Every structure is written in C-alpha cells, then in structure tokens.
Amino acid sequence: MRVLFTVSDWPGHYYPLVPLGRAFRDAGHEVRVVCAPSESDTLRRTGLTPEPIVRPGLDMATQGRLNAYWQARKGAWPHARPPLHPVTGEELGHLDDFDFAAFRAAERPRILRATRDGFDAVVAFARAWRPDLVVHDRMSIEGLLAARVLGVPAVLHLWGPHGTAEPEPELRVLPGDPTGSFPRHGVGEMSADLVEYVVDPCPPSLEPPTHAHRLRLRYTPYNGPGTAPDLRPPSPGRPRICLVWGRSLAGVYGRAARLVPELAFACAESGAEVLVLADPDDTAPLGTPPPGVRLLPGAPLADVLPGCAAVVHHGGAGCTMTAVAAGVPQLGVPFSAEQELNMRRVAAAGAGLAVPAGDPGRATAVRDALDRLLNDPRHRAGAARLRDELSRLPTPAALVPALEDLAAHHRTDRTDRSHRTHQTHRAARTAAPVDPRTAVPAAPRATAPAATRAAAPAPAEPTPTSEDPAMQTQPPGTPQAPQDVQATRTIQATRTTQDTRTAQDTRTTQDDQATRSPRSPRSPQDDQLAAETRIREIALSVAAAAALQTAVRLGVADALGDEDADARDLGRAVNAAPDTLARLLRALAAHGVFEETAPGRFRHTRASRLLRADAPGGGMADMVLWAGAAWTWDAWPRLEQAVRTGKAVLPELYGKDFFGYLREDAPEDAEVFNRAMTQASALTSRAVAETLNLDGARTVADIGGGHGHLLRTVLERHPHVTGELFDLPTVVAGADPALREGGELAGRARVTAGDCLDAVPVRADVYVVKQILKWDDERSVRVLRNIAAHAAPGARIVVVQNLVDLSPEPRVTTAMDLFLLLNVGGREHHRGDFEDLFRRAGLEFTGVTRARSALYLIEARVPGTPS
Ligand SMILES: C[S@@+](CC[C@H](N)C(=O)[O-])C[C@H]1O[C@@H](n2cnc3c(N)ncnc32)[C@H](O)[C@@H]1O
C-alpha cells in the first residue's frame, strides 16, 4: 500500500506523525511525506522520505507573528514587551510601525499564487503516485484535497488534546481554501465537515472533541534527533525537575518568551535538581548556571523525563504529550489559546497546573504551582493515571492494520458505488462504522439502539470566510487572530456547538445517521437533509428546555447513582410513571444528558451529573430552573413584539420592571435567580479571581455582587485586599455568612445595601462589575458614572461579562442576548460597545483580558493622577 503524508512547515506539527509513518514503513508499505523544502532535512532525519514540493505562501513563523500582532492591536497582548514585527521579526517600537494594509496589498497576490501552486503540486503528485491513503496534519489540508480528488480516505492526525470541534472560536479552525482549489479540482467547497477520520493520540481523559470518527492511537514520543544524556538516578530526597522550552517561541513572541532564566531559578528555589532543555539563545542570559541547574541542549525530552518529579514547559502539544506518556506531572506556562487548552485538559485530568505566560503575578504563581506539584501526591497520581490510560491504546504498529482495512473498504466502496443507487448506497455506508474504542473498523451492522451507536458527526455550519490567505493558518503555540480581524483572514470554522463533550460523543439522530457517511463525500441531497434536520431540531428545542427543567424538578439526577438504573426504579424514586419517565430521559439522552444503556435503563453522563445537588461547585440545576422560570413562558411568545419595538416585554406583562416583579410578585423565582447567580459564580469565580490583577490595590468592591461568591473568592485568593459587597437590600440580606459579622472574612469585608442606579457610595481601588451592565445603555452609563462619582482618580473599573463577538459559547451568549431583551430590554455586548460606554461615562478604556472561562475582563480607569 502507498501512504501519503502531508505536513506543514513546523516540526511540532509533524513530529507526532513520525511514529505512524515509521510503523507503515516497517509494515512494508511505501511512505512519502509531502512538505516544504525547508523541512526536507529535518524530515529525512526521521527516516521518512520527503517530497519537498510545497512552497507555502506564508511561513508558520510569520503567521504566528501576525497573530501576535493582532492580539496586541485588539488590546489583548498581556506581555510588557511589544510584539515582534510580523515580517522582519524585529521588536516593534509601536504597533503603527507595521502597516498591515500595505503588507496585505503587496503580498496577497504572491501568497495566493503560492498557495494555489502548492495545492496543485500536491494533487499532481498524488495523481502520479496514486496513494491508497492520505494522512495529514491539521494545517496541511492539501492532503485532504488530494484524497478527495483520488477518492481515497484521508485521516487527520491530531498533535495532542486539541480537537476539530472545539467550542471556542479561536480554537475552532482549519485552514480555508482562499484559492478555491477544492471546487477547482471538482470536489465541492472546502468544509471542516470533510474531515471524516481523526487519529487521536490522547488518553481518553484528555480526549478532544471531534465530529469525525475517532481512531485512537497511543502517543509515542518523537522529539527529534538527539543523544540521551548520561543521567544518574535523582538523589534520594531531592526531586528532579525538567524545564523544557520551545525553540520557536522567541521567534513568535520575542523577548516576552525569554523566560528560561526566571523559570530555572524558580525550579532551583524549590530545592530541586533542574535539567534545562532549551536553545542556547534562551539559556545564555543564565550565564553560569546556578548550583543544581544543568543544561542539556538538544537532549530528547522523552529520554530525560523518566525519574523527573515534574516538568515545566510552554504547553506545546509535543511537551504535553511526551510528559503524559512519561507519567510526569506538568506545569505549563502557556502563551497561546492552544497551549492554554492543552494545559486546561491536563489540569482537568488532575495531572498538572498552568500559569499563563502573560500573568502579571507569574513568578509567584510559578513558585506556588511548583510547590503544589512537588508536594501534593494527587498530581503524581493523576499523571500516572494518564500514562496508564495511554498505555492501553493501540500502538502505531497496531493502528496500521486498521488503516489498511479502511483503505481496503474504501476501494470496495468505490467499486460498489458505481453499481448502486444513491439510496441503497447510503444504507450500506452507515453499516460499518469504525469502532472508536478499538480504532478497528467494526463488523457491519444494520442498526443499533440510538444510545449505543458510534457518534455520528453533526452537520457543519461553516461561517462565511474571507478570501485572504495572509493569516490562513497558525503555528502551534500561537494565538489565533482576533475576531475583529477575521474579515481579513481565511479561517474555516467548524461546527459551532454548545453540546458538551459527552453530548458530542453520544448524540446521534436518525437523520444524522442517514446523512453522514464515514467514507463518501456528502451529496447535495445529504446536505439538504441535514439542513432540514437542523431546522426541525431548533423548532422543537423548546421541548429540550422543558425536558431539562422537568428532570431537575423531578430530581432524577439525584435519584440516579453511579450505576445505571431502570426507569421503573427511578420512577418509584421520583414519583413518576416509568414509561413517560423513560421517554423524558430518552429525549435528554439525545442531547447527551443521561445515557440509555439498554432499553429503559439509564446512567449518568458528565452533563447530567451537573444537575445533581452534590455536583462540585453547586452544579447547574438552579441555572436550569432560572432559564425556565415562570415569566419566561409568558415572555418568549412575545419575542416578535420585542424584536419589532426593541423594548422589554416584562413591564407590559406584569406592570413593573423586572427586578421589581421578582422582588414583589415572584419571591420564589427571585430565590432561584440568586441561587443561579451564585451557582454561575461558583463555576467562574476562581478564574475571574485569578485573572484579576490586584497588584498595588488595597480595596476591591463588587457592585451588584449578589450574595458575594466572587468577592469571597477574591478575598481568599488575594489576602492583601479588603472588599465591599454592594447590591440591593433584599439581595445582600442573603449575603454569604463568611462576609457578614462573625464570618471568617468579616474583618476584611463590608456589606452595603443600595441601588447602583441612584448612587454607589463606595470608595475602592478596584471596582468589579460582573454581569450587571446588560440592561439598556442609559442605565449602564448611569451605573458607571455613579461608580466614578465616588472613586478616586486612577481607580480601576473591571467589567466582567460575556462578549458576543469573542464568545466561546456563541449559542449561549446570543440566546442570553434575547433573554435580556425580554426581561430588562437589555443586551449582551460586543467588545467595542464597552469602549463607547466607558467614554460616555467619562472613563478611559484600558483593555480586555479573557478569564479562563467564557468571561472577559473589560477594564477602564477613572481619569486623573492618583494622589
Ligand atoms: C446577573 S446578576 C449578577 C450577580 C453577580 N455579580 C454575579 O455575577 O454572580 C445581577 C445583579 O445585579 C443586582 N442588581 C440589579 N439591580 C440593581 C441595582 N439597581 N442596584 C444594585 N444591584 C442591582 C442584582 O440583585 C443581581 O445581584
């Protein structure tokens, strides 16, 4: 068999593919790797045969610097040093020293030409060489094109825990097709939906979301050529830490990425022996390494990690996965959204921690994190768990026969196709999905109960893309360009989804099954059916909302334990008829909330556990009840009226404004509201408190702070500050007892009742205004002015909210936007709206930072010089 690999011009992109390439070769197959000429030598050293026929229009380093530049342009560059000039790589004095418009005008034609030529060269090579299978990385979709043209399967090989269906917009990308090469070669429009198979090298606990068929693979480290150093076992009682630093980081982030000395000192201060694997340019500022620090430039990471108690790195996929394979707890210092994502998944699996590179309190946070990694045995246990999970997955050699079968099925399928009608063919191709647990194509089966079928990818909803390849792709470890420049970049967004990972894994509808093919291109009829399904799903989505609320009211999630249970037993426990309860749970299971393991038997999923009263952080049951409070069922039918008039419908419905209605007419809903806000805060308070920079501040006030969950978290996280909670009298009456007299934080906290629309008689260095400025602009400006009226010059106002244009949960944020229209005539905002609101309130906008959640911190200051 012939296997064609296509890779982008960045070793970190193709090193993870090398073990599979070698396994094919060792199994007697022919392997060629289509690449850029710049990668020829590096690839040759892997033992694989390069075909250097692609000249990229824009190299990965330039793309990375362009992304960094745009991050800075939108005010989201967290580093003290400016970004680099995207073209020269020199440090920029001022952002205006680079003229993007001129760059685009001058370079676009050349880039387009090079891109088109590259795609054509790969297709021509594939036509001549005739591979049976194509394996490509996420950035080299020319492999996908060539496979489509030849009618052979294409497999996208992931680098690590970054999937093809990430919900965050900045992570939800594949390169686009700015030169129209896909239609030009007769295979329809490029769409993320064309990715049908994904090789996933992650242990299940790190599993990234994808709508494609998942082929599991045991990640096998290949860190490039190098010599294993001569290492004795660590001295008893003295831990060993490995510090490994990405060679290309400084080329993208400039001096902001020269962190090796700082990190090496932090590691040494923990009392550990420190092994540093970094480029000489990164280690040079260390001078003579301090005692206990040893430099091992060029040593392969996988050969150094055994025996290490922890590893510190920048969160790149190669380092992350090599540490997972070695079972070593890790501390990531990530720069980009992708690196943050890698570390988030590792941290969620209990195998590591992260401190963002742009964190102003980085030095202290790194020391704290190292202390926890070395001394809390749970991290060691988490890392060992991941290593053990990984070791149970198929090796590259074991995946080869599965991929041989895939290619063989495809050949049969192609022969059959010409003899079948579209209808019968569609039935046949849904019959033999690849079993995602074993990575081996499963035996054909005609039907299976919905809950036990392999996940079927849902239809894609590509967003409009521009034709500009100037920022077509991104290198590892670099941020995506921000939303406000998306009009000038070519990004093919994958399906936008609010489904949880569990939901993605289990969700499947008959139409999905009927319209998705594991091995064939989608026909226009398939797309039509998928579109019809989508409309039906949305039209009936009120049923899903009602079912969720009903499940919470019945308390089914609490009645269901760790094992699966029969609807009869559950019905007895929650006082519901077994048959109708089963129907309710089945409807929810279609969304990934609960799972039907056998007819009438159900078990928990990750999503359904959030409905339990004992869910960590309070779960989400109250949020569900709040979204379905009585007034919403009166208000939604009046959406048309609200859209026509632009006004809230609540005052007309109940004769009073929303908060007045809650207070006077719906005290139970008011309770649910306050509990839902506390639950929502519990899910995000930590991320907000950690992102909030309180250096130099002594007092913090949370305006409209509800029961004070966030304030409490801030006080716990920043022991040097005192805080004040400000909200309506009826609300502060239920404030967290820890903040009130006699509470453990009472000495540092004050609770003040008031109406922020009248006055905010509170003096603080930092004012937090979280999820408040969602009513009409006049009231938002009034609140900001009221705060400024009592604040000292230089005081900071930090608005914490979702942003429509940057939201990682666009369906939630846009739904909430309509919800706010109905109740308070309000809205969710775009980033630019706040610049305007701040200006109208006489404040100076200073920047936007994302908390590690769906929330953003949008900051302003009171003009004037602090006294
Ligand atoms: C959406 S909740 C947000 C609560 C909290 N900041 C959080 O993020 O969890 C809105 C808050 O604004 C408070 N609020 C509404 N109108 C207010 C007013 N006129 N003065 C003070 N607080 C008000 C509500 O009581 C509620 O606690």
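Just so we're clear, the structure is a prediction, and the values are computed from it rather than from any experiment. Side chains included, hydrogens not; waters and symmetry mates left out as well; all remaining heavy atoms used. Whatever order the structure lists them in is the order used to number ligands and atoms, beginning at 1.
For Trp775, every heavy-atom contact with ligand 1 shorter than 4.0 Å involves the side chain, none the backbone. In Asp755, the parts holding a heavy atom less than 4.0 Å from any atom of ligand 1 are both the side chain and the backbone. Contacts of Cys756 with ligand 1, taken as heavy-atom pairs under 4.0 Å, involve both backbone and side chain.
The shortest side-chain heavy-atom distance between Leu710 and Val714 falls under the 4.5 Å cut-off. Under the 4.5 Å side-chain criterion, counting only non-hydrogen atoms from C-beta, His707 is in contact with Asn674.
Of all the atoms in ligand 1, the ones that sit under 4.0 Å from a non-hydrogen atom of Met677 are 1 (C), 2 (S), 9 (O). For ligand 1 and Gly706, the ligand atoms under 4.0 Å from any heavy atom of the residue are 27 (O). Those atoms of ligand 1 with a heavy atom of Gly754 less than 4.0 angstrom away are 20 (N), 21 (C). Short contacts between ligand 1 and Val731, defined as distances under 4.0 Å to a heavy atom of the residue, involve ligand atoms 25 (O).
Of the possible donor and acceptor atoms, none in the side chain of Arg345 sits under 3.5 Å from a partner among the backbone N and O of Leu341. At distances below 3.5 Å, not a single donor-acceptor pair connects side-chain atoms of His79 with backbone N or O atoms of Phe335.
Partners of Ala354 according to the side-chain contact (heavy atoms from CB on, under 4.5 Å) rule, which considers only residues two or more places apart in sequence or in another chain, are Pro334, Met343.
Of the protein's non-hydrogen atoms, the one nearest atom 6 (N) of ligand 1 is Gly704 O, 2.7 Å. Considering only non-hydrogen protein atoms, atom 1 (C) of ligand 1 sits nearest to Gln771 O, 3.1 Å. The shortest contact between atom 12 (O) of ligand 1 and any protein heavy atom is with Ile772 CD1, 3.2 Å. The protein heavy-atom contact nearest to atom 22 (N) of ligand 1 is Asp727 OD1, 3.4 Å.
Ligand 1 has Ser681 within reach: a non-hydrogen atom of the residue lies less than 4.0 Å from it.
In terms of N/O distances under 3.5 Å, ligand 1 is approached by Lys770.
For the pairing with Ile703, the side-chain contact (heavy atoms from CB on, under 4.5 Å) check across Leu725, Ile787, Ile772, Thr752 returns one residue only, Ile787.
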Check: residues 817-826 side-chain donor-acceptor pairs under 3.5 Å, at least two apart:
unit_1	atom_1	unit_2	atom_2	d
Asp817	OD1	Glu828	N	2.7

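In this structure, Trp626 and Phe658 have tilted ring planes: the angle between them lies in the 30° to 60° band.
Taking a cutoff of 4.0 Å between a charged side-chain nitrogen and a carboxylate oxygen, Arg644 and Glu640 qualify as a salt bridge.
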